[in-house]
Amino acid sequence: MKYNHRQIEPKWQKIWEEKGCFHAEDNSDKEKFYALIEFPYPSGQGLHVGHPRPYTALDTVSRKRRLQGYNVLYPIGWDAFGLPTENYAIKNHIHPEIVTKNNVERFKKQIRSLGISFDWSREINTTDPDYYKWTQWIFLQLFQHGLAYKKEMAVNWCTSCKCVLANEEVVNGVCERCGSEVVHKTKSQWMLKITAYADRLIDDLDLVDYPERVKLQQKNWIGRSYGAEVEFDTTAGDKLKIYTTRADTLFGATYMVMSPEHPFIEKWADKLSNLDEVRAYQAESAKKSDFERTEMNKDKTGVKLEGVSAINPVNDTEIPIFISDYVLISYGTGAIMAVPGHDTRDWEFAKKFDLPIIEVVKGGDVEKEAFTDCATGIMVNSGFLDGLSVEDAKEKIIAFLTEKGIGEKKTNFKLRDWVFSRQRYWGEPIPIVHCDCCGYVPVPEEELPLRLPMVESYEPTDTGESPLANMTKWVETTCPKCGKKAYRETDTMPQWAGSSWYYLRYMDPHNDKAIASDEAFKYWESVDWYNGGMEHTTLHLLYSRFWHKFLYDIGVVPTKEPYKKRTSHGMILGENGEKMSKSRGNVVNPDDIVNEYGADTLRLYEMFIGDFEKAAPWSPSSIRGCRKFIERFYNMQEMLCDGDFIRKEVEKDFHKTIKKVGFDIENIKFNTAIAAMMALINVIYSTGKVTKKELSIFAILLNPFAPHVTEEVWEACALGDGILAEAKWPEYDEAKCVDDTIEIVAQINGRIKAKLVISKDASQDEVLSLAKSEQKVMEAIRGMNVIKEIYVKGKLVNIVVKP
RNA sequence: GCCGGUGUGGUGGAAUAGGCAGACACAAGGGACUUAAAAUCCCUCGGACUAAACAUCCGUACCGGUUCAAGUCCGGUCACCGGCACCA
């Protein structure tokens with residue numbers, strides 16, 4: 001029989017589907033295992049070969065866990081709200097709901113052809129009202145706990161698309177899609193107070209098993225810094241509050257800088273003799289895009305405030321105040337004390353404006369550059385701080401400022417609150433009513449889901465209003481509180497909303513009373529293993545940790561963290577080593593591979609392609625090697641014979657391979673697990689025969705990677721009722737993983753002179769004397785003094801000699 | 001600029017915990033089978049020296065160090081990739 005994947009693969013997929021093989025049980029005595037992949041956005045392009053990489057990886061883990069007796073939950077769904085669908089819908093005059101439905105159909109068919117063991121009975125879709133009912137419910141809880149608020153905000157507005165863009169959609173200051181200018185528009189926006197969780201989002205990373213680089217990226221993004229707030233007296237009478245992490249350098253503060261947006265400028269307007277100049281600078285800064293203000297121009301600019309100055313509280317010196325756009329209104333207090341001797345930016349500014357530079361930490365040359373090293377410096381020119389280390393000086397000065405009532409310890413974060421509104425149609429309606437009397441009133445829970453109305457035109461408007469704003473019938477409503485005429489919120493939620501809690505819904509996807517039942521939460525608890533892309537580290541991964549912690553605080557979920565373990569896959573690149581994209585013309589469609597080589601070959605190749613965590617280029621010729629391996633496995637049917645193991649050495653090879661494959665799967669080293677099986681099949685072929693026992697073990701080991709062909713061979717060779725039905729993941733015997741005789745390398749001065757075959761239990765003396773009996777070793781030692789003899793058990797001997 | 005990662009044959013990549021560099025594949029070359037091709041099977045496959053083999057030497061981006069022993073550890077340099085980007 002020739003291997004025919006086109007016949008085998010649909011056959012087994014049908015059997016699995018009919019028997020419901022992958023349905024997770026809700027109440028099982030078995031230990032649970034919850035594996036999760038990032039649910040896909042069903043785009044119009046369909047799947048490309050990058051999608052199956054993470055799916056196959058966790059499918060391999062899930063299938064292995066089932067063979068080990070776990071009750072496995074491995075679900076999938078659709079993250080289907082979002083701009084590409086909406087834009088496609090506008091362009092082609094098809095309602096986004098229809099577009100979504102078609103795209104999901106296509107994705108589903110493609111994914112099913114891969115034989116991934118998803119529990120399709122738990123499929124979810126973020127655009128389903130029964131689903132977004134709970135997205136809205138969570139928003140209302142956030143609102144009621146003061147964590148959702150509305151605020152005037154500058155938004156990105158594309159002048160050509162006439163629509164609002166998310167920050168991610170603005171690339172180098174222009175619209176990602178059309179390349180047109182992006183300007184700022186001020187709009188009232190819904191915000192989520194993620195900053196309230198900043199500390200816990202950092203500290204609780206200690207509770208989870210994430211790759212270090214993920215933890216680090218989140219920590220850097222949240223950007224916690226410990227410092228102090230200090231109040232400076234000014235000649236205007238007001239106290240100017242600044243934030244600093246280097247309170248120790250206070251004696252070196254020779255001027256102050258405020259952000260051009262600082263409210264004191266307005267307050268001091270009548271005291272400023274150069275108000276025109278100040279105003280001109282303010283206007284110039286306001287005109288600059290974010291891009292110009294940060295990336296383009298790091299040359300320091302600024303204007304000195306004539307008429308108001310500040311007093312350095314430690315030496316009563318009067319120092320000038322500047323405004324400059326290198327100080328941001330959004331961080332700290334919007335004002336700083338400038339210490340040019342020990343801060344690079346202040347140093348540049350001081351040089352440009354010819355301001356005095358005082359050295360207060362010894363160790364560098366402050367005339368040449370700012371000395372910023374905190375670890376080695378000693379305080380100088382700093383009165384009562386002189387002679388202290390930077391760390392000690394910080395503590396002493398903060399204690400001093402606290403006692404005088406002009407300063408205190410303060411922690412700051414780079415993390416900003418989450419802009420949560422979008423002026424687009426294809427998203428969850430924000431369930432809030434605006435009432436002139438009562439303000440923002442939540443839609444009553446029993447009215448959820450607040451459905452997205454069917455509109456004729458969902459094109460974005462010129463005014464920056466959501467397309468929903470034109471739906472007067474839907475917008476005009478009555479206030480749930482006072483019953484008077486009121487208006488619905490017309491902004492929708494961002495794409496990140498539905499994905500911030502979807503893993504919870506899989507636990508109990510059809511529940512209409514709650515996100516999931518308490519029993520479901522208790523049993524499934526949290527995700528055991530979550531695999532996803534690095535690009536979501538500071539977006540989805542952070543957002544969902546925030547929502548989860550909130551749900552924990554209000555008693556909905558029982559765990560502090562949503563995901564116990566996180567791994568990350570590398571991208572699959574095009575043949576040319578570039579990122580796969582339609583415009584580069586290097587996209588590979590998995591359908592073609594499944595059709596030509598089969599799903600088992602595709603799966604195996606995607607796992608064999610290289611280090612799972614690193615990017616790897618697609619190679620059409622390498623796929624053939626995987627196909628060949630599968631055919632070699634399939635053809636073992638014809639080598640079948642009775643017995644346990646052909647030879648004792650082969651038995652040992654099996655034990656070693658069982659150990660390696662199991663270990664490698666758990667450590668996401670799929671490529672070497674497959675290499676080990678390839679090596680084992682080479683051994684089997686060299687014997688020319690395979691026993692039933694050998695073949696069945698091989699089939700189970702390979703099953704998580706290539707589930708169809710392994711079941712087929714199992715059935716064809718009458719090995720039993722089926723791998724899924726009855727097989728257990730094989731155990732290995734540690735004793736049988738060790739060879740009786742081993743090869744030991746004999747070195748002289750680190751150079752290999754001989755290879756010794758000797759019993760694994762041989763003593764050092766035995767190995768050494770055997771080594772010394774080797775011709776070449778004898779020659780090398782002759783006439784030399786032996787300085788040292790090193791023996792590494794089971795590996796090598798090294799004899800160090802000198803003339 | 002700051003933070004993180006990577007650098008190994010013609011290619012993708014292996015190499016617990018400092019202990020035989022190049023597993024497993026791909027590509028290439030040669031051979032067997034075949035009328036022929038495909039498929040399959042077998043052999044060779046980092047470099048220098050060699051007709052070939054043996055032997056020897058060199059070789060994990062570059063320079064230096066620690067060690068009996070370095071792809072692996074330490075210091076420095078370069079290149080590429082990712083994240084952040086005036087966060088005081």
Side-chain angles (χ1 to χ4, degrees), chain A residues 2 211-221 223-225 227-228 242-247 249 253 257 259 290 293-295 297-300 324-328 330-339 342-346 348-349 372 412-416 534-535 537-538 570-571 577 605 608-611 613-626 628-629 631-632 635 660 663 667 669 671-682 685 743-752 754-755 776 787-802:
Chain A
K2 203 168 170 294
E212 229 17 76
R213 58 189 169 136
V214 171
K215 290 190 182 185
L216 205 68
Q217 217 170 294
Q218 289 207 343
K219 280 181 198 168
N220 290 343
W221 179 263
R224 178 164 60 189
S225 68
I242 60 101
Y243 173 72
T244 178
T245 56
R246 291 297 303 275
T249 61
V257 187
S259 157
D290 287 350
R293 197 159 158 175
T294 58
E295 269 180 270
N297 187 5
K298 291 196 178 177
D299 273 356
K300 298 288 176 287
S324 171
D325 61 8
Y326 84 88
V327 172
L328 309 174
S330 53
Y331 185 77
T333 62
I336 61 157
M337 67 174 195
V339 184
H342 306 284
D343 180 281
T344 315
R345 296 147 304 178
D346 297 345
E348 284 168 14
F349 192 89
T372 56
N412 259 326
F413 300 91
K414 288 189 198 173
L415 185 70
R416 301 270 83 87
M534 281 305 288
E535 70 276 17
T537 301
T538 51
M571 230 187 294
Y605 176 59
F608 187 61
I609 195 165
D611 185 335
E613 297 187 89
K614 296 205 187 94
W618 186 258
S619 163
S621 55
S622 297
I623 302 167
R624 292 217 291 274
C626 290
K628 212 164 92 181
F629 170 65
E631 283 176 9
R632 272 156 77 85
N635 292 337
K660 175 142 185 76
F663 180 85
N667 291 284
K669 306 234 173 270
N671 51 339
T672 50
I674 293 166
M677 288 187 282
M678 286 174 168
L680 183 60
I681 213 168
N682 288 344
Y685 266 74
E743 199 183 67
I744 284 183
V745 174
Q747 297 177 331
I748 303 297
N749 292 346
R751 302 256 168 207
I752 297 161
K755 292 185 177 182
K776 284 198 173 168
I787 309 290
K788 205 172 182 182
E789 289 174 335
I790 293 138
Y791 172 61
V792 182
K793 197 171 185 304
K795 295 251 162 82
L796 57 72
V797 284
N798 188 14
I799 303 171
V800 184
V801 296
K802 255 184 167 176

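Letters A, B, ... mirror the listed sequences (proteins, then strands); counts begin at 1. As the structure is a computational prediction, the values presented were derived from the model and not from experiment.
- Taking the ring-ring contact (aromatic ring centres under 6.0 Å, His included) definition, one finds that A:Phe349 meets it with A:Tyr255, A:Phe322, A:Tyr326, A:Phe353, sequence neighbours left out.
- Residues passing the side chain to side chain contact (heavy atoms under 4.5 Å, CB included) test with A:Arg224, sequence neighbours excluded: A:Asp199, A:Ile202, A:Asp203, A:Tyr226, A:Thr411, A:Phe413.
- Separation of the C1' atoms belonging to B:G59 and B:G7 is 15 Å when rounded to the nearest angstrom.
- When the side-chain nitrogen and oxygen atoms of A:Lys776 are compared with OP1 and OP2 of B:U56, one or more of them lie within a distance under 4.0 Å.
- A search for side chain to side chain donor-acceptor pair (under 3.5 Å) contacts involving A:Asp611 returns A:Lys614, not counting sequence neighbours.
- Residue contacts shown for A:Arg224 are absent, as no nucleic acid heavy atom lies under 4.0 Å away.
- Regarding A:Phe629, its CZ atom lies at a distance of 23 Å from the P atom of B:G12, rounded to whole Å.
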Worksheet item: When every nucleotide of nucleotides 19-29 of chain B is labelled 5' to 3' by its protein contacts under 4.0 Å (heavy atoms), B for base, S for sugar-phosphate only, - for none, what sequence of letters results?
Response: BB--BBSSS--
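- Contacts of A:Asp611 with the nucleic acid, taken as non-hydrogen atoms under 4.0 Å apart, involve only primed sugar atoms and P, OP1 or OP2.
- Between A:Lys788 atom NZ and A:Asn749 atom CG the span is 11.5 Å, to the nearest 0.5 Å.
- Among residues two or more places apart in sequence or in another chain, the side chain to side chain donor-acceptor pair (under 3.5 Å) test is passed with A:Glu631 by A:Arg627.
- Along RNA chain B, the nucleotide nearest to A:Ser330 and the one nearest to A:Asn220 differ in position, and the one closer to the 5' end is contacted by A:Asn220.
- Between A:Lys414 atom NZ and B:C84 atom C1' the separation is 7 Å, expressed in whole Å.
- When each of B:C68, B:G4, B:A88 is scored by its nearest atom to the side-chain atoms of A:Thr244, the top-ranked nucleotide is B:A88.
- At the phosphate of B:C41, neither OP1 nor OP2 sits under 4.0 Å from any side-chain N or O atom of A:Tyr685.
- Residues meeting the side chain to side chain donor-acceptor pair (under 3.5 Å) test with A:Ser225, sequence neighbours left out: A:Tyr243, A:Tyr331.
- In RNA chain B, stems built from 3 or more consecutive Watson-Crick or G-U wobble pairs, each with both distances under 3.5 Å, span B:1-7 with B:78-84, B:10-12 with B:24-26, B:28-32 with B:40-44, B:46-48 with B:56-58, B:61-65 with B:73-77.
- For the atom pair OG of A:Ser619 and CZ of A:Arg624, the computed distance is 9.0 Å after rounding to the nearest 0.5 Å.
- A:Ser225 comes within 4.0 angstrom of sugar-phosphate atoms only, judged by non-hydrogen atoms across all strands, and of no base.
- With sequence neighbours excluded, no residue forms a salt bridge (Lys or Arg N to Asp or Glu O under 4.0 Å) with A:Glu743.
- Taking the side chain to side chain contact (heavy atoms under 4.5 Å, CB included) definition, one finds that A:Lys628 meets it with nothing, sequence neighbours left out.
- Taking atom CD1 on A:Ile336 and atom C1' on B:C86, their separation rounds to 10 Å, with Å as the unit.
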